[in-house]
Amino acid sequence: MIALGAIVAAGLVTALSVRDAVALDLVFTLLLYAVLGQSWNWISGYAGNISFGHAIFFGCGAYASALMVTHGLSPWLAIPAGAVAAAALAIVTGFPTLALRGHYFSIATIAVAAIVDALVRTQPWLGRATGFELPIASGWAALQFADKGPYIVLALVLFTAVQIATIALERSRLGYYLRALRANHAAAAAVGIDERSWKLLAFAWSAVIASCAGVLYAQYTLFVDPPSTIALGVSIDIALIGVVGGIGTLWGPAVGALVYVVLAKGVALELGGTGKGYDLVIYGAIICVIAALRPHGIVGAIVDGLRRRRGALELGAASATGGAA
Amino acid sequence: MEALTTFAQLLVGGVLTGLVFALVAVGLTLVYGVMDVVNFAHGEFLMLAMYATLGLALLGLGPLLGLPLAVIAMFLFGIIVYRVFVRRLLAGPPEATVFGTFGLLVLMQGLAQAVFSSDFLSVPSPPFAGTIRFAGLAVSQASVVEGCGALILTALLFAFVEYTETGRAMRAVAEDRIAATLMGIDVQRINGLAFGIGAACVGAAGGLLMLSYPVYPTAGVPFALTAFVVVALGGFGSISGALVAALLVGMLEVFGGFYLSPELKLVPVYLAYLVVVLVRPQGLLGRR
């Protein structure tokens with residue numbers, strides 16, 4: 001809570017004082033990716049079902065926004081519309097697979113994402129491969145602004161809401177059930193926890209969160225097309241953010257987003273941008289190393305280290321095991 | 001009459017496509033059966049094998065002559081990946097094998113893009129370029145060779161797993177890891193071997209596919225996606241199930257591509273996956 005307050009304060013100061021467009025863009029991207037990482041974390045971290053198609057839920061929001069605005073409707077309507085579409089896709093993907101072993105779900109996320117991608121690229125009303133350019137407007141009714149300050153405020157609101165929701169998740173019945181299912185689904189089922197319905201609930205909320213981020217993204221960039229919203233590359237980025245910071249931890253996605261933004265900018269500056277595959281090499285190597293050596297990510301490793309140190313202190317043998325993080 | 005010819009043409013196309021899918025899928029299902037790991041980088045193993053075949057072809061070894069070399073190289077590659085990487089994933093939480101092999105997918109695609117660029121590359125003047133005409137049907141020679149090769153190799157793998165001592169050890173590990181260890185089976189060795197054989201299967205598939213397909217960094221993706229569906233449909237771990245399912249998926253894809261549109265040919269395949277998983281999660285021939 002203290003950390004959250006500090007971030008909100010820092011974010012507000014940034015939004016009000018900084019005028020450097022590049023810096024503001026970085027802050028916006030950071031907050032947006034932290035939200036997307038947290039959305040992924042709900043189903044893949046807390047529930048333990050790895051999603052490889054998370055970009056389509058982000059895309060639901062972005063495309064809802066694009067469709068509303070190009071049809072002369074209010075972009076605010078895109079928030080519920082995108083949420084409904086995202087939740088429906090989540091249920092279609094999750095209902096057959098969430099009661100089974102983890103890989104059934106992971107394959108289904110790839111499959112549904114591929115179907116959605118193929119459909120969007122062939123349907124004229126979804127803009128095919130060229131996508132949408134949103135007409136320029138201004139003001140809160142149009143959810144568009146000439147300068148970046150209000151966008152940062154909106155991203156901050158979304159980030160804060162999602163972090164608070166995640167704190168509530170950790171303390172709620174749903175959160176305990178998810179962790180019980182993840183630790184031992186047979187034992188959890190034996191005490192009467194219905195795996196499918198609780199995980200489906202978590203997955204639907206996860207999709208809704210990603211969709212909200214999608215609406216904000218579309219209103220910010222005013223351009224929506226498959227590669228920037230629903231393609232596999234976006235899903236890879238979201239999973240990377242979730243994995244790097246630490247799956248199943250409150251602050252993991254924020255840390256992951258920070259690492260990602262630094263990495264992505266570093267790659268773009270040092271190696272001449274994407275398209276040559278260097279970014280994929282680095283992201284892939286990071287995921288591999290974390291999976292093989294520290295499967296709980298950065299925050300997970302710190303938590304483990306602290307716990308070990310605290311345990312060691314209680315035993316009066318701090319020097320024996322502490323500080324492995 | 002014309003509709004009937006079209007139907008027969010699609011049927012033959014579906015069978016030949018399905019056989020190639022089977023060869024990609026059997027390696028995946030073998031690895032899953034033995035060690036409960038779905039290798040999400042399986043398609044990238046295929047892509048690597050295709051580049052290897054291309055390299056051998058440029059050295060003067062045609063796709064079919066290079067095939068045994070590609071198989072051996074991929075077998076060794078699989079064992080090294082198991083020893084260095086997958087073994088560590090198995091020690092972690094169950095999600096680690098899922099996102100770990102996915103990381104390998106991203107890494108291999110990136111490396112391929114960095115080294116070979118995104119260009120589509122093909123074997124120059126491949127053999128079997130002609131067309132076979134029979135009773136009004138036209139089939140390319142390459143796809144017949146690919147289909148027959150896939151059928152032979154799948155049969156060889158099936159015989160290996162069913163009738164050899166090592167194959168029996170693999171089935172024992174698949175059945176009950178702890179009991180197999182107590183019977184004196186070295187589970188690490190069997191796991192490594194299974195991973196190597198899984199990679200060798202795509203080594204063969206890559207060699208055959210280079211007869212008619214180009215290679216590029218994401219060339220393995222469509223094959224791997226169908227292979228996941230095939231393996232789930234046939235029952236995770238079942239080689240004969242994978243063969244049956246691959247033929248079904250081949251039909252679905254060819255007929256879907258013809259009657260819907262080529263861009264949407266995978267839609268019926270994935271819908272079949274969701275329906276089968278919902279109705280019969282153990283797959284067509286799998287056990288629960």
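Residue numbers begin at 1 in each chain, while the letters A, B, ... track the order of the sequences.
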Distance col, row Leu107(B):CG vs Ile287(A):CD1, nearest 0.5 angstrom, shows 9.5 Å
Smallest heavy-atom separation, Val281(A) atom then Leu111(B) atom, equals CG2-N, 3.4 Å
Is atom CH2 of Trp205(A) surrounded by more than 12 heavy atoms (other residues, nucleotides or ligands) closer than 6.0 Å?
no
Parallel, tilted or perpendicular: ring planes of Phe40(B) versus Phe52(A), cut at 30 and 60 degrees
perpendicular
Which bit of Val98(B) comes within less than 4.5 Å of chain A, counting heavy atoms only: side chain, backbone, both or neither?
both
Which answer fits Leu104(B), side chain, backbone, both or neither, if we ask what part of it has an atom under 4.5 Å from a heavy atom of chain A?
both
Report the option among Phe102(B), Tyr32(B), Phe85(B), Phe228(B) that has the most heavy-atom pairs separated by less than 4.5 Å from atoms of chain A.
Phe102(B)
Between Ile110(A), Val289(A), Ile290(A), Thr93(A), who has the most heavy-atom pairs with chain B when the cutoff is under 4.5 Å?
Ile110(A)
Name the option with the most non-hydrogen atom pairs under 4.5 Å to chain A; the candidates are Met108(B), Glu95(B), Gln109(B).
Glu95(B)
For chain A, which candidate among Ala232(B), Pro93(B), Gly92(B) shows the most heavy-atom pairs at distances under 4.5 Å?
Pro93(B)
Mind listing the closest non-hydrogen atom pair of Val106(B) and Leu280(A) along with its distance?
CG1-O, 3.4 Å
For chain B, find its close neighbours in residues 224-244 of chain A: heavy-atom separation under 4.5 Å, sorted by number, or none.
Ile236(A), Val243(A)
Is Ile286(A) close to chain B through its backbone or its side chain, or both, or neither, when contacts mean heavy atoms under 4.5 Å?
neither
Measure the CD1-CG distance between Ile115(A) and Leu274(B) for me, rounded to the nearest 0.5 Å.
6.5 Å
When the 4.5 angstrom heavy-atom criterion is applied to Arg182(A) and chain B, the contacting part is side chain
Identify every side-chain donor-acceptor pair in residues 46-55 of chain B under 3.5 Å, counting partners at least two apart or on other chains, and give the distances.
unit_1, atom_1, unit_2, atom_2, d
Thr53(B), OG1, Ala49(B), O, 2.8

Please confirm whether the backbone N or O of Tyr104(A) pairs with a side-chain atom of Tyr273(B), one donor and one acceptor, at under 3.5 Å?
yes
Provide the closest heavy-atom pair for Gly100(B) versus Cys288(A) in the form atom of the first, atom of the second, distance.
O-SG, 4.0 Å
